[in-house]
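To keep things clear, I will list the structure first and then write my remarks on it.
The basis for the numbers below is simple: all heavy atoms, side chains too, and nothing from hydrogens, waters or symmetry mates. Just so it is clear, the model here is predicted, and its values are computed rather than measured.
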Amino acid sequence: MTTPFISRLRRGIAYLQEVFRDEQFYLSLRHTVGAFIPLVVCELIGYETLGLELMLGAFFVSAVDIAGTLRSKATALLITTAISITITFCILVVGNNLLMLPLLFLFIFGLAYISPFSLRYTLMAVMGYIAIILAISMVGRFSSIEGILWHCFLLLCGSLWYFVFAMVIHWFARTREINRRIAECTRQTAQYFQQRLALLEPGTNHEQGLLELARLQQQLSETQESARELLFSDTSLLAGRSSERRRFYLIFIELVDMHELAVATPIDYPRIRELLHRYPEYNIIRSIIARINREMHNLADILLHNADYAGHLQLGDNLDQLRSQLQELKEQVLKEESTDEEAYHALRRIELYLHRQLQKVEVIQNAVLNRKTYEEKDVQQATATEVDTKDLPQFVTPNPLNWNSVLGNFSFESSYFRYALRTATTAVAGYALAGLLQFQNAYWVLLTVLVVMKPGYGVTRERFYHRIIGTLIGALIAYGIYQLNPSHTISLALFGVALTLAFTFVVHNYTVASTFFTIFVIFLYSFLNREIPSMVVFRVVDTLLGAVLVILAIRYLWPYWEHQKFPALLRKSLCANKAYLQKVLKHLFEGTFHETEYRLARKKAYVDMANLVSSYYRLTGDPESKQKNAKFSYDLALLSYMILSTTTSLGIFVQRHRQQAFDYQEFRLIGDGIITNLDFSISELEQATELHKAPSEISKSEDIEQAGDDLEQQLRQLKQQLKKQPTDQQNQTYVKYAQINYLSQQLGWMLELSRTIAKHVKRPG
């Protein structure tokens, strides 16, 4: 019998295995190796001081060496080099005089201002912060400008060394980087399927379940963005059907389409859940989805770790059984006394959905396993609907940091500006206060402020606790190891291992990362032959002071609470949803389908929806007194997500009927009504600084209501016609009936959603 201790131990081992198989570990190892090579080489030939300077130069830029194209990586490394060397030179030249504080303010403000724009800019800012800390720690060490220039030259050499190292590694590892992104995308798509299935299970909290589904979509959207950058930036590498890059492209396209199919699943989960559990067909559906999920995880493991293939996905019997039972249910539906029509249509849509998903899983399966059928059959199937290669760069998100974004956010109304101002003020004030209190290493207060302070209150508060706990644990461990009197070589090894593990855990567990960062800093001092016991004490005291200043600043120093920016993000999401819907309606009414236009509109809607969900999560992390309209914001985020899901469902229908026009006047009237409601909501949000719930109702157009009645009349006539026709002649009539019924339901449901959103955002008169 397994004891609780053994169970926890197994979970811990499994967690560590996952951490050390994650991409972050390989990146951390690469950063450490690249920085330590010049140090070790110089140690071996007797120039340890020179080696340390080169290591610091390499360390200044290593963190920005993340997955990306050659151009983006090279640009980031060179810009970070310029930032770090400039900061170091200026601080060392100014020294300890009155100009130091304003200089620090300007540098920190600039770095904090760019950091929220993207992960790469965040890492560039972190490297700039480290340059500030190390430069301050060296103030007074150089007696002349020549010494400062020589020091900066050595740092530059170390940075350029790492640049060459990173470019060489990129050349050999670029395929592996794409492989990891595709594998992660596969795994997250499977997790999305799992959550969808969970929403149909009894006892599931509907609201929390849907929010978790939207959170998973946010993560998946970020991974897809990264994969697009790697795959689509250089389309010349996609030439040739059998190329490795082409294979990854095929898998990615299928994964994106699978996600679209999943988003398009019926979204009235409480009603569908209550309805479907009465039918045995649902148990077959549950089994098929579970097996698809296991298959996707297995394929991700094959891509990531070259795992063994667990077996073939054989679901033909299940699908045949489901199809047979649905045919029987359909026959009951055609009887006048049947009450199963809604259930049949829901089950039939799910059956069609599963059939299409299985086709895509088989394409991915063959591409992952690199079977012959991948080249013979799957490529032909995929290329029938794929985007023209010359259009692919349009899908890569452009650089978010440009003159328009820089100038547009340079205002006290911008959260980016307030964050930069808050960070710079708190950091400089903390450094000055530590100096007045005559702390031995005042710059450690500065470091704590810079690494703990984040734009959001919730994540900052979380880092506050993790930083303190991690620092205390790390200090105790480092002091304990110091008592063993480690040699110079062992100290070198210790701070190298600690650095690797710190960067590894920084995305998994910040407490553990802080522990290893503390060990790294303390043993770096040991390597520099400085006294460790005093370092341990000052490290803890400085960290506590910096952390307290951060938690006070984030609450009281020019705060920008999430409820203030939520309306703008909601408006942006609704604009993207409207543009996406307009593309779908255009294709629906005209009977044409433009692949690139459709996919670009869909991508924009998904990305903006992910940003909206992220904003709501940050809002729930704010203090309760600052969570204004939290429930109301949740309702609006959920409504926007439901609009997106329904639009995607219509998009799937349009793709299946590419050459068929459904230009019904009734559909056009309802579509115009939806767009009108969304325009109204967007207009109201443009004028609102906060959201208010309004009891007044949006006026209903008589033409739209009449269109709904006309559609119901057409459906009744088609159903009567079905009953009069011989069985062998019913199919064509039933297809038309099903199509009109489906489009009527989807457009009618979206009309109600748009009206609800308009009511919510309408400001009180």
A side-chain contact here means heavy atoms from C-beta on lying under 4.5 Å apart; do [X] and [Y] qualify?
X	Y	value
E462	Y510	no
L92	F142	yes
L499	F36	yes
F165	V33	yes
L54	C157	yes
E43	M55	no
L78	V61	no
L545	L433	yes

Verify the distance criterion only: is there a donor paired with an acceptor across the side chains of Q24 and T504 at less than 3.5 Å?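 On atom types as modelled, these side chains do not qualify, holding no pair under 3.5 Å.
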
Would you check if the side chain of [X] reaches a backbone N or O of [Y] as a donor-acceptor pair within less than 3.5 Å?
X	Y	result
S573	L570	no
T122	S115	yes
T515	G470	yes
T88	A135	no
Y431	L101	no
R422	W558	yes
W161	G34	yes

Give, for atom [atom1] of [X] and atom [atom2] of [Y], the distance between the pair rounded to the nearest 0.5 Å.
X	Y	atom1	atom2	value
N509	S514	CG	OG	9.0 Å
I87	C152	CD1	SG	11.5 Å
L569	M609	CG	CE	10.5 Å
L549	T448	CG	OG1	9.5 Å
T500	R30	OG1	CZ	13.0 Å
I169	H31	CD1	NE2	11.0 Å

Closest non-hydrogen atom pair between [X] and [Y], with its separation:
X	Y	result
A131	F60	CA-CE2, 3.7 Å
R120	V64	NH1-O, 3.3 Å
T426	M453	OG1-CE, 3.7 Å
Q224	C185	CG-SG, 3.9 Å
E53	H151	OE1-ND1, 2.5 Å
I133	L447	CD1-N, 3.7 Å

Given side-chain contact (heavy atoms from CB on, under 4.5 Å), test L472 with L476 step by step and report yes or no. CA-CA 6 Å; L472 291 173; L476 290 173; 5.5 Å; no

Candidates T423, L421, T425 - the one meeting side-chain contact (heavy atoms from CB on, under 4.5 Å) with L557: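 Result for side-chain contact (heavy atoms from CB on, under 4.5 Å) with L557: T425.
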
Determine, stepwise, if the pair M100 / V139 fulfils side-chain contact (heavy atoms from CB on, under 4.5 Å). CA-CA 11 Å; M100 175 63 85; V139 168; 4.1 Å; yes

Between E225 and R181, does any side-chain N to carboxylate O distance fall below 4.0 Å?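 No.
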
Step by step, would you call T223 with Q188 a side chain to side chain donor-acceptor pair (under 3.5 Å)? CA-CA 9 Å; T223 304; Q188 290 178 353; 2.7 Å; yes

Show the numbers, then the answer: is there a ring pair (Phe, Tyr, Trp, His ring centres under 6.0 Å) between F517 and F503? CA-CA 8 Å; F517 273 127; F503 277 122; 5.5 Å; yes

Determine, stepwise, if the pair I132 / F107 fulfils side-chain contact (heavy atoms from CB on, under 4.5 Å). CA-CA 8 Å; I132 290 173; F107 281 143; 4.0 Å; yes

Give the ring-plane orientation class for F105 versus F109, where under 30° counts as parallel, over 60° as perpendicular and anything between as tilted. parallel

Parallel, tilted or perpendicular: ring planes of F59 versus F520, cut at 30 and 60 degrees: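 Rings of F59 and F520: tilted, 30 to 60°.
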
Go through the steps for L612 and F566 under the test side-chain contact (heavy atoms from CB on, under 4.5 Å), then give the verdict. CA-CA 7 Å; L612 180 66; F566 187 85; 3.5 Å; yes

Mind checking side chain to side chain contact (heavy atoms under 4.5 Å, CB included) for A166 and listing every partner two or more places apart, or none if nothing turns up? D65, L77, Y162

Run the side chain to side chain donor-acceptor pair (under 3.5 Å) check on Q191 and Q195 step by step: do they pass? CA-CA 6 Å; Q191 291 171 350; Q195 182 60 23; over 6 Å; no

